[in-house]
Participant: 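Structure in structure tokens, see below.
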2 protein chains.
Amino acid sequence: MLHSYEHARPSVTVDCAVFGLDGDQLSVLLVERAVPPFEGCWALPGGFVGIDEDLEAAARRELEEETGIALTWLEQLYTFGAPDRDPRGRVITVAFYALVKTTRDGLRGSTDARDARWFPADAHPALAFDHDAILAVARARLRSKVSWQPVGFELLPERFTLTQLQQLYETVLGRSLDKRNFRRKVLALGLLAETEVRSSGPGRPARLYRFDRDEYARLEAEGFVFEL
Amino acid sequence: MLHSYEHARPSVTVDCAVFGLDGDQLSVLLVERAVPPFEGCWALPGGFVGIDEDLEAAARRELEEETGIALTWLEQLYTFGAPDRDPRGRVITVAFYALVKTTRDGLRGSTDARDARWFPADAHPALAFDHDAILAVARARLRSKVSWQPVGFELLPERFTLTQLQQLYETVLGRSLDKRNFRRKVLALGLLAETEVRSSGPGRPARLYRFDRDEYARLEAEGFVFEL
DNA sequence: GCAAAAGTGTTTATGTTACACCCATGT
DNA sequence: ACATGGGTGTAACATAAACACTTTTGC
């Protein structure tokens, strides 16, 4: 086996597919590139990994720098390393996917202010590099993740209605769910704690719930699996 | 955003957790390191990625070089990039996991010939670098993968008995399964094709089956999910 | 009082678990 | 004939799916 310094080294970047919820639409955060290659193209936020920087830390830093977004949840997705994926030379990217809580207002705030914007996950411009492929993998992963890990809550505000939760699942899974069955199942998990009532919109006010993280941690330690 | 050549670059390696079956034991292929660091330590087979080499191709090449193993199945696992994981400096490794069909004889052949050996997956020496952690992640991934993708067959010979298949699942999942329920369920999938009968061991000869890849490909295209 | 969304039970079908005996072969 | 592993069915139970009306609020 050879030592590392005897080899030509690739560059390593991190890229991040950040998902949020705009109403009941799944949206993804993109940045407009200011420099070549792909200048003016939309791309996933990301950048080079520091020589002494942990991969996840790099992803968080790049997101903070490029979009100002405070991440609640982030997980490694896949590493893309096709030799020709970057015209500048050999660049291997470790892709992450992330979920953020976006209220409609918070969203609007960061939508216009910078060269970073939310796009509907199923209607976004063609992306730079192989980012279309990365995003597709991220969406697929989110879809499967959501049904056996309680990550959907990361997309919702701290307090949410069961209808919001159901719409989230319908959006991510891409199919409609039966209201009564959904409510029964999700409540039977014993992971939602009741709160007061909201009044806002038209129609009857809905009860607000919050996800009970402590209870989930406890159950998980006992070998419980989420499954929805 | 900066250009790649303005950055100090990490080295990038691939490492591979190769699983095989020794009787009804899950085993893992390790190599003894011939050079520092960790000289004389056991480690996952792996090495540096060529500057124009695809990641998966690199993994296959290293395995071929170090162990002479012909891979049937290989998938990316996770990328490990803690800044201090390699004493030589910054080395990011893209880990893969692989499954090989090992008959008892084929296994014995490559067991002694080189500094590569099979070890029981739950009783192996402490490994170099962070390879213990990588192997643990690989085992966990295999466990969950096996129940919703038909990858277990990659560990068995082309033709196998239902008892072999059941033992494989019991080994990987780490719990015992009911014989009748297992057989009914697995046959109901319609993915096993019958063959002649084997005579070998003591007791009544068992029917041999093979996994019908074509049928699986067809069903998968229709949205079928494996699930066992 | 009407529009809008929240909330609530029962029946049916489907899948999962538990369980014990006879069969075919080699020695 | 006996030891060894192969093969088979049914009943109880649990989980998932289908389905429509009443309730509470704002206007």
Side-chain angles (χ1 to χ4, degrees), chain A residues 21 23-25 104 144 146-148 156-157 159-171 173-210 219 223-228, chain B residues 21 23-25 104 144 146-148 150 156-157 159-171 173-211 219 223-228:
Chain A
L21 221 49
D24 60 353
Q25 273 236 325
R104 250 210 172 80
S144 77
V146 105
S147 44
W148 59 275
L156 293 175
R159 278 182 266 278
F160 51 85
T161 68
L162 293 182
T163 301
Q164 280 181 292
L165 186 62
Q166 180 175 346
Q167 284 177 344
L168 156 60
Y169 271 85
E170 290 180 331
T171 300
L173 298 178
R175 63 193 166 93
S176 58
L177 302 170
D178 180 86
K179 181 162 66 161
R180 280 176 289 190
N181 292 338
F182 179 82
R183 293 164 100 92
R184 186 186 4 230
K185 197 167 171 183
V186 79
L187 288 175
L189 293 172
L191 291 170
L192 298 188
E194 298 187 346
T195 328
E196 347 76 73
V197 190
R198 95 175 187 198
S199 34
S200 62
R204 174 175 170 178
R207 166 145 254 144
L208 292 173
Y209 293 83
R210 67 180 175 75
L219 289 173
F224 166 86
V225 254
F226 176 75
E227 194 94 48
L228 211 148
Chain B
L21 222 46
D24 60 354
Q25 274 236 326
R104 250 208 174 81
S144 78
V146 104
S147 45
W148 60 276
L156 294 176
R159 277 182 267 279
F160 52 85
T161 68
L162 292 182
T163 301
Q164 281 181 293
L165 186 62
Q166 182 176 345
Q167 283 177 345
L168 156 61
Y169 271 84
E170 290 180 331
T171 301
L173 298 179
R175 63 192 167 95
S176 59
L177 302 170
D178 180 87
K179 181 161 68 160
R180 281 177 286 191
N181 293 338
F182 180 82
R183 293 165 101 91
R184 181 169 3 160
K185 198 165 169 184
V186 79
L187 288 175
L189 293 173
L191 292 170
L192 297 188
E194 296 187 347
T195 329
E196 347 76 73
V197 190
R198 94 173 190 203
S199 31
S200 62
R204 172 175 173 179
R207 168 146 253 142
L208 293 173
Y209 294 83
R210 67 179 176 75
F211 177 65
L219 289 173
F224 165 87
V225 251
F226 174 76
E227 195 94 46
L228 210 146

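Lettering of chains follows the sequences in order, A, B, ..., and the numbering in each one begins at 1.
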Participant: D:dG5 C1' sits how many Å from B:Leu208 CG, rounded?
Facilitator: 14 Å

Participant: Is there a donor on the side chain of B:Arg204 or the base of D:dT4 sitting less than 3.5 Å from an acceptor on the other?
Facilitator: no

Participant: Expressed as a whole number of angstroms, how long is the span from A:Arg183:CZ to D:dA18:C1'?
Facilitator: 17 Å

Participant: Under 3.5 Å, which donor-acceptor pairs link side chains of residues 179-189 of chain A to any protein atom two or more places apart or in another chain?
Facilitator:
residue	atom	partner	partner atom	Å
A:Asn181	OD1	A:Arg184	NH2	2.5
A:Asn181	ND2	A:Asp178	OD2	3.3

Participant: How many Å lie between NZ on A:Lys185 and P on D:dT15, as a whole number?
Facilitator: 11 Å

Participant: How long is the line joining CD of B:Glu227 and C1' of C:dT14, in whole Å?
Facilitator: 14 Å

Participant: Which distance, rounded to the nearest 0.5 Å, do you find between the CG of B:Leu177 and the OH of B:Tyr169?
Facilitator: 10.0 Å

Participant: To the nearest Å, give me how far apart CG (B:Leu165) and P (D:dG7) are.
Facilitator: 12 Å

Participant: In terms of side-chain heavy atoms of B:Arg184, which of C:dA18, D:dG7, C:dG7 is nearest?
Facilitator: C:dA18

Participant: For B:Glu196 and D:dG6, give me the distance from atom CD to atom P, rounded to whole Å.
Facilitator: 17 Å

Participant: Mind listing the closest non-hydrogen atom pair of B:Val197 and B:Pro205 along with its distance?
Facilitator: CG1-CB, 3.6 Å

Participant: Identify which one of B:Phe160, B:Tyr209, B:Phe211 satisfies the side chain to side chain contact (heavy atoms under 4.5 Å, CB included) criterion when paired with B:Leu165.
Facilitator: B:Phe160

Participant: Could you pull out all residues at least two apart from B:Glu196 that satisfy salt bridge (Lys or Arg N to Asp or Glu O under 4.0 Å)?
Facilitator: none

Participant: Take atom CZ of B:Arg207 and atom P of C:dC23, then tell me their distance rounded to the nearest Å.
Facilitator: 18 Å

Participant: Classify the side chain of B:Arg180 versus the base of C:dA20 as yes if they form a donor-acceptor pair under 3.5 Å and no if they do not.
Facilitator: yes

Participant: For B:Asp178 and A:Thr161, take the nucleotide of DNA chain C holding the closest heavy atom to each; which residue's nucleotide lies nearer the 5' end?
Facilitator: A:Thr161

Participant: Quick one: is B:Thr163 getting a side-chain N or O under 4.0 Å of the D:dG6 phosphate, OP1 or OP2?
Facilitator: yes

Participant: Between A:Arg198 (CZ) and C:dA4 (P), how many Å, whole number?
Facilitator: 16 Å

Participant: Given that A:Lys179 and B:Asn181 both sit by DNA chain C, which one's nearest nucleotide is further toward the 5' end?
Facilitator: A:Lys179

Participant: Closest approach to the side chain of A:Pro202, judged atom by atom: which nucleotide of C:dA4, D:dG6, C:dT25 is it?
Facilitator: C:dA4

